[in-house]
Amino acid sequence: MARNAEKAMTTLARWRAAQSGELEKVKKRRPYLASDCKSLYACEKWRMQIIREIAQKVAQIQNAGLGEFRIRDLNDEINKLLREKRHWEDQIKEVGGPDYQKVGPRMLDHEGKEVPGNRGYKYFGAAKELPGVRELFEQEPPPPPRKTRAELMKDIDADYYGYMDDDDGILIPLELQAEKSAIQKSVSDWKSKKEAKMSTDQSSEEEVEEVNIYAEREPQPEEEPQHPLLDGSQQRFVAHVPVPSQQDIEQALLRRRKQELLNKYGIAEEQ
């Protein structure tokens, strides 16, 4: 009697297995490119398979006793699977499925930590405590790039220069109130200074006489002419015409002004 293994290798057994669909139960390999898959159901299946692999590797990388090299390999594999997951999510959106990058859960992404200034590569679990990686997280992030003058000028408008400040009706009442208070303060300071000055004037009772600049000076005896120096540097000047006084000049100006007014109104001066 033939063995069961020999019976399974016969042509009839293989034909019956193909008919029953047992050959379809064999596990298929995930496509290398997500764009080759055009079925939404298949894309969803491969995405869930990648998520399970990521979760399994994230659980494994939490063990710090695996060794530095194994932890680095696991961290690289997780980042590679994350990139592949994003490709499948883009393909799902392309064939008409939901956008998982906006509505999907991000628990696996939040467990990773990016180095400041190096976006895209994440460290999970014990990989964050590896030598050389710990120092990267302790460094301060680089300062943001400085804006150029052209970028700063884009945000400058009339509000920047204060042209629209009075349109809201808030600033003018405040300015009026501040102006009134400043005026009251100035008046009170002036009154206090005036009262203090009056009190000092009454206590001193000293009156200062005004000097009459138009008073005629008393004639003084002529000084004896000084002898000129031998080199002739000093000379004596003698006025050959009468020099008018200040009062004569004022009277002449008054007459001139009077004559101009008479000429302006056409009135002849009475002799």
Side-chain angles (χ1 to χ4, degrees), residues 116-117 119 135-271:
R119 187 177 180 182
E135 291 78 4
L136 294 176
F137 289 114
E138 293 176 356
Q139 294 180 359
E140 297 182 358
R146 296 183 60 183
K147 292 185 178 180
T148 60
R149 187 178 182 85
E151 293 175 352
L152 293 174
M153 293 298 293
K154 290 180 181 179
D155 301 331
I156 294 178
D157 51 3
D159 293 337
Y160 177 80
Y161 294 101
Y163 291 141
M164 313 293 289
D165 292 347
D166 299 338
D167 294 348
D168 52 1
I170 300 176
L171 187 60
I172 294 177
L174 296 175
E175 289 180 349
L176 293 175
Q177 185 177 0
E179 183 179 358
K180 289 180 180 178
S181 61
I183 291 173
Q184 292 176 0
K185 183 179 179 181
S186 300
V187 171
S188 61
D189 294 343
W190 177 78
K191 288 182 177 179
S192 60
K193 290 180 180 179
K194 186 178 180 181
E195 291 176 357
K197 185 177 180 182
M198 290 177 64
S199 61
T200 54
D201 291 346
Q202 290 178 0
S203 61
S204 60
E205 294 182 355
E206 293 180 355
E207 297 181 357
V208 180
E209 296 182 356
E210 296 182 358
V211 179
N212 187 7
I213 62 174
Y214 302 112
E216 296 182 359
R217 296 178 62 186
E218 297 180 357
Q220 298 180 358
E222 291 188 9
E223 298 179 355
E224 296 181 358
Q226 298 179 356
H227 297 283
L229 298 177
L230 298 176
D231 57 356
S233 60
Q234 292 185 0
Q235 297 181 1
R236 182 181 180 186
F237 295 93
V238 179
H240 299 283
V241 293
V243 179
S245 63
Q246 184 70 22
Q247 189 174 3
D248 297 337
I249 294 173
E250 289 182 356
Q251 290 178 0
L253 292 174
L254 182 61
R255 288 194 300 269
R256 182 178 179 182
R257 181 61 178 166
K258 182 179 179 182
Q259 185 63 35
E260 289 177 356
L261 293 174
L262 292 174
N263 295 335
K264 181 178 181 182
Y265 294 102
I267 302 174
E269 184 180 1
E270 296 180 359
Q271 299 293 336

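Along the sequence shown, the residues carry numbers beginning at 1.
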- With side chains defined as the heavy atoms from C-beta onward, is the minimum distance between Arg257 and Leu253 less than 4.5 Å? no
- Drop me the distance from Lys193's NZ to Ser188's OG, to the nearest 0.5 angstrom. 10.0 Å
- Query: Nearest 0.5 Å, what's the NZ-CZ distance between Lys258 and Arg255?
  - Reply: 10.0 Å
- Message: To the nearest 0.5 Å, what is the distance between CD1 on Ile249 and CG on Leu254?
- Response: 13.5 Å
What pairs of donor and acceptor atoms, side-chain ones from residues 178-185 against any protein atom, are under 3.5 angstrom apart with sequence neighbours left out?
from, atom 1, to, atom 2, distance (Å)
Ser181, OG, Gln177, O, 3.3
Ser181, OG, Ala178, O, 2.7

- Run the salt-bridge test on Glu260 and Arg256 with the 4.0 Å N-O cut-off and return the result as yes or no. yes
- Message: Hydrogens and angles aside, do Ser186 and Asp189 bring a side-chain donor and acceptor to less than 3.5 Å of each other?
- Response: no
